[in-house]
Amino acid sequence: MADEKPHCPGLEALPTQIASGHRGLVPGDEESLRSMALGQGAKVIQDTKPLKSICRHICGYHVYAHDITRQVEAHHYCSHLSEDMMQCVIYDSPEANARLIGVEYIISAKIYRNLPPEEKIYWHSHEFEVKGGIITLPVSSLVPRAVHAEIEHLELSQVINTYGKTWHLWQVDRGDVIPYGPPQLMMALTEEGQIDPKLLEARDKREGVDTNGLRNRRAVIHPSMPLEAADQLEARREGMAWQATMAKVPFKNATDGSSATS
């Protein structure tokens with residue numbers, strides 16, 4: 001059985017399959033031998049160049065911009081577009097049948113500080129995620145701990161000076177069996193006492209790490225410049241948050257350039 005209680009309005013009568021290890025469910029019949037064969041054939045004759053550029057795996061936790069109590073484990077698989085920008089696809093687990101739940105764009109402080117104020121509300125900082133032991137770089141158990149620590153130190157010394165813009169398309173934390181509703185803007189944890197300790201305990205056990213040890217080791221990692229107005233802190237001080245909603249807008253007709261309502 002899946003760990004989460006399924007939430008599937010309108011889909012209750014459909015069969016379901018296990019996803020993300022045993023964390024969740026997805027609707028539909030079991031993948032057929034025909035689909036498996038077609039998939040294997042496509043691997044042989046097609047190229048997946050964008051996926052081959054993925055060069056790092058970062059595990060962290062996202063919170064909904066409007067609800068910090070909803071905390072979602074997020075496995076980022078990232079590639080560089082430039083020295084100052086990365087793009088990441090986000091899965092809910094590191095398993096082969098993990099669900100693709102979102103995307104994150106990561107930019108350097110150099111880019112972030114030049115954004116207009118109205119754009120900065122979408123972005124979150126990574127300083128506490130690094131220093132608080134929230135994010136990790138999972139590696140094989142065969143990698144020596146000293147090598148892992150050195151790679152992690154070099155990597156996170158860069159990450160601490162970046163900002164992320166994250167959208168989750170699939171609210172797996174409430175048991176959604178498909179991506180329901182509009183995308184949700186996500187933020188990062190920014191201070192002690194926010195994260196559910198059980199999440200870190202489970203992560204530490206799975207990856208063979210220790211949160212307190214990570215924090216002590218990362219005490220020497222510092223941002224190269226002061227953080228700027230990220231994390232929606234101004235709105236939070238007012239007890240508010242910015243979040244995406246759907247709106248009906250005029251439809252532009254492709255044939256004559258006019259809207260359908262004109």
* Lys/Arg-Asp/Glu bridge criterion (N-O < 4.0 Å) met for Lys165, Glu119 -> yes

* Test salt bridge (charged side-chain N to carboxylate O under 4.0 Å, His left out) applied to Glu73 and Arg203, step by step -> CA-CA 9 Å; Glu73 185 174 317; Arg203 188 274 312 273; over 6 Å; no

* Structure fact -> d(Leu214 CG, Ile134 CD1) to nearest 0.5 Å is 9.5 Å

* His62 and Glu104: side chain donor to acceptor below 3.5 Å -> yes

* Does the distance from Cys55 SG to Cys78 SG come in under 2.5 Å? -> no

* To do: Indicate yes or no for a side-chain donor-acceptor contact from Tyr61 to the backbone of Leu199 under 3.5 Å, with no hydrogens or angles considered.
  => yes

* Can you hop from Ile54 to Tyr105 via hydrophobic side chains spaced under 4.5 Å? -> no

* Count the heavy atoms belonging to other residues, nucleotides or ligands that lie under 6.0 Å from CE of Met240, then report whether that count exceeds 12. => no

* To do: Hey, could you give me the CG/OH distance between Leu185 and Tyr64, rounded to the nearest 0.5 Å?
  => 11.5 Å

* **Note, Ile135 side chain near His126 side chain (heavy atom, < 4.5 Å)** => no

* Would you give the length of the straight line joining atom NE2 of His124 to atom CD1 of Ile106, rounded to the nearest 0.5 angstrom? => 7.0 Å

* Asked: Distance-only, no hydrogens or angles: does the Gln71 side chain make a donor-acceptor pair with backbone N or O of Asp196 under 3.5 Å?
  -> yes

* **Lys120 with Glu234: basic N within carboxylate O range, under 4.0 Å** => no

* Asked: Run the side-chain contact (heavy atoms from CB on, under 4.5 Å) check on Arg70 and Gln184 step by step: do they pass?
  -> CA-CA 12 Å; Arg70 295 179 63 187; Gln184 296 290 289; 5.6 Å; no

* Does the distance from a Lys or Arg side-chain N to an Asp or Glu carboxylate O, for Asp231 and Arg236, drop under 4.0 Å? -> no

* To do: Evaluate whether atom OH of Tyr122 has more than 12 neighbouring non-hydrogen atoms of other residues, nucleotides or ligands under 6.0 angstrom away.
  => no

* **Sub-4.5 Å side-chain heavy-atom contact between Cys59 and Arg206** => yes

* Asked: In terms of hydrophobic clusters joined by side-chain contacts under 4.5 Å, are Met186 and Ile101 together?
  -> yes

* Structure fact -> OG1 of Thr162 to CG of Asp84, rounded to nearest 0.5 Å, is 10.5 Å

